[in-house]
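Worksheet: the structure to be examined is printed underneath.
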Amino acid sequence: MRLTDEEQAMLAGELGEVKRWALDHQVQVGRMFDAEDLVPVSQAHIMGDPEAVGVAGAAFLERLANQGARTVVPTITDPRGVDLNYYSPIGQTEEMAELERRIIAALTGMGVMMTNTCINYQTIMPPVAGEHVAFGDTGVVIYSNSACGARSNFEGGPSALAAGLTGRTPRYGLHLEKNRQATRRFVVSEQPKDLTDWGTLGAVAGKLSGSYWEVPVIEGLDVTPTSDQMKHLGAAMASFGSTPLFHLVGITPEAPTLSSVGGDRLEPESLSPEMMDSMRSRFGGKGDKVDVVVFAAPQLSLVEVKQVAELCDGKNLSVPLYVCTAPQVYPDAERMGFVEKIEAAGGKVLVGTCFYNGFAREIGEANGWKRLLSNSAKIVNILGGYGYEPALANMEQCVASAIRGEIV
Amino acid sequence: MIVLKCHVGIGEKVEGEALVAQDNFSARYDLDRKKGVFSRPDHELFGQSYDGKILVHNTAKGGVASAWMLNEMKTQGITPKAILFNTANTILAQGAALAGLAMCDRFEDGDVVELIRTGDHLIVEPETGTVTITNRVE
């Protein structure tokens, strides 16, 4: 890789051990992906929940903090795993909370802003077209690339932190224009209506694409998704396919036309009604018992919290219902009475977490939860591997099922 | 002995037994990392132990969490020795760099999931981009 004088000094340890580690990490990754140099980034976003980071990762972060690590570009965080104001009631332990506290202390010491959100593109500072960033959380990256036209690879916690510490990231993957052209061309057969439909479309497109290096372009949509719908589309696609970028013809900024992303040279493939139905039928059916209902993955916007609140208003839930939202959204949701409506019905709004990244296996076992219902295609995909039998239904059906205790 | 060429990878030279699946890989979605087994019911290797094995998968899927998880797995000592892919994704490569776990991808001779069989004895050399199958004759 071609390094500037400053970068060479970092790598040689002349600017301290922290920068040496960060640049060495970036060079190792850059070499594997044939990066020719590093590109300056304007923001970094770190995924660092305690379940993923673990004890070894916490010790690693503390070591960096003790060595004087300081971020040089605005660096923010993905959801925490433990809501420190509400963890024992859901079966999280003191040990989990303590690990969370250690990670927060270490990151805070480095100047990281603990935003604890996976919807920073709705709540903090959405990137603009052409802006190079180092974002973690696949949902954040796919939205930023696709809906905003920003440039980011999936940066796992250590790499996003390295970018925050050096202000750069290796220039490979989606930082290069040539990798942003479409490689698969999908034609929709049905128009998505609610968030779950958009998530299902993302799940099918992601599963078919099936690799980080595929870029789907989707045509045939008569409707323009809202930010929340785009969020579910992207989160599901990234979850099912490891997909970091998609284009919607006539909708997303890089695809005013099919040919602007090279889609005219690709064979059209239909996302048939059968494919959509078969994706839906993988996850539970009417009459199945429900143990817990979860709205998360991604965290809910203010608009979504309001929708859940209206459905819960004056009702009596017979199974636990959790809503995960961002710390930036919660104060508004509280002020406007949405939190009160959800909690009066028997639900609970969690702040700064996203359920699946909060020791989901352990809390499932602690509470005897197996049958989980959600409107998020992403979360039902993930939790199958965590000992749950997840089912997918739209927001209205989820709340109605929470009232009845079985899938309606 | 069969020598396979691949792209320059990450980590040190390692030796071990292959565990091969056509499936894709995510540390968060597919594994019970405490027990060291594949825990996702529809994964091809469901119930099998990955501890001490050289995993051979088609590609990496899913979330960014795997970037931390490989380091934790390596520190706990319940870990694959190396992971080989047809195509890695950025997260797994970043995770390998943090953990110091060997990882290679992009094999010149074709589909690595076909080229390597479960039980093969392998020497993985990321620095030069070579993987040697020592228990089979060409």
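Note that this is a predicted model, so its numbers are computed, not measured.
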I'd like to know which of B/Asp105, B/Thr75, B/Thr90, B/Asp42 tops the heavy-atom pair count under 4.5 Å against chain A. B/Thr90

Side chain proximity check, B/Gln94 to A/Met32, heavy atoms < 4.5 angstrom: no

Nearest non-hydrogen partners of A/Gly156 and B/Ile91, listed with the distance: N-CD1, 3.3 Å

Against chain B, work out which of A/Val55, A/Asp24, A/Asn153 has the most heavy-atom pairs shorter than 4.5 Å and name it. A/Val55

Indicate yes or no: at least one non-hydrogen side-chain atom of B/Val64 is less than 4.5 angstrom from one of A/Glu155. no

Per-residue contact mode, B/Leu92 against chain A (heavy atom under 4.5 angstrom): neither

Does CD in A/Glu36 sit with more than 12 non-hydrogen atoms of other residues, nucleotides or ligands closer than 6.0 Å? no

So which atom in B/Glu72 and which in A/Val53 form the shortest heavy-atom distance, rounded to 0.1 Å? OE1-O, 3.7 Å

Considering residues, nucleotides and ligands other than B/Glu44, do more than 12 of their heavy atoms fall under 6.0 Å from its CD? yes

When you look at NZ of B/Lys34, are more than 12 heavy atoms from neighbouring residues, nucleotides or ligands closer to it than 6.0 Å? no

Is any side-chain heavy atom of A/Leu61 closer than 4.5 Å to one of B/Trp68? yes

For the student: nearest non-hydrogen atoms of A/Gly384 and B/Pro41, plus distance: O-CD, 3.4 Å

Part of B/Ala88 within contact of chain A (heavy atom distance under 4.5 Å): both

Correct closest heavy-atom pair for B/Ala65 and A/Met47 would be CB-CE, 3.5 Å

For B/Glu12, I'd like to know if atom CD has over 12 heavy atoms of other residues, nucleotides or ligands within 6.0 Å. no

Portion of B/Asp32 that has a non-hydrogen atom of chain A nearer than 4.5 angstrom: both

Structural part of B/Asp30 lying under 4.5 Å from a heavy atom of chain A: neither

Residue A/Glu95 excluded, over 12 heavy atoms near CD under 6.0 Å: no

B/Ser39, part contacting chain A, at a heavy-atom distance under 4.5 Å: both

How many angstroms lie between CD1 in B/Ile10 and NE2 in A/His25, if you round to the nearest 0.5 Å? 8.0 Å

Heavy-atom contact with chain B under 4.5 Å, split by part of A/Asp78: neither

Heavy-atom distance under 4.5 Å between the side chains of A/Glu51 and B/Arg33, does that happen here? yes

At their closest point, which heavy atom of B/Leu98 faces which heavy atom of A/Pro158, and how far apart are they? CD2-CG, 3.3 Å

Euclidean distance, A/Ser211 OG relative to B/Asn24 CG, rounded to 0.5 Å: 8.5 Å

Apply the test side chain to side chain contact (heavy atoms under 4.5 Å, CB included) to residues A/Trp213 and B/Thr59: give CA-CA distance (whole Å), side-chain angles for both, the deciding distance (0.1 Å), then the verdict. CA-CA 10 Å; A/Trp213 308 102; B/Thr59 184; 5.6 Å; no

Test side-chain hydrogen bond (donor to acceptor under 3.5 Å, both in side chains) applied to A/Ser242 and B/Asn89, step by step: CA-CA 8 Å; A/Ser242 194; B/Asn89 73 358; 3.0 Å; yes

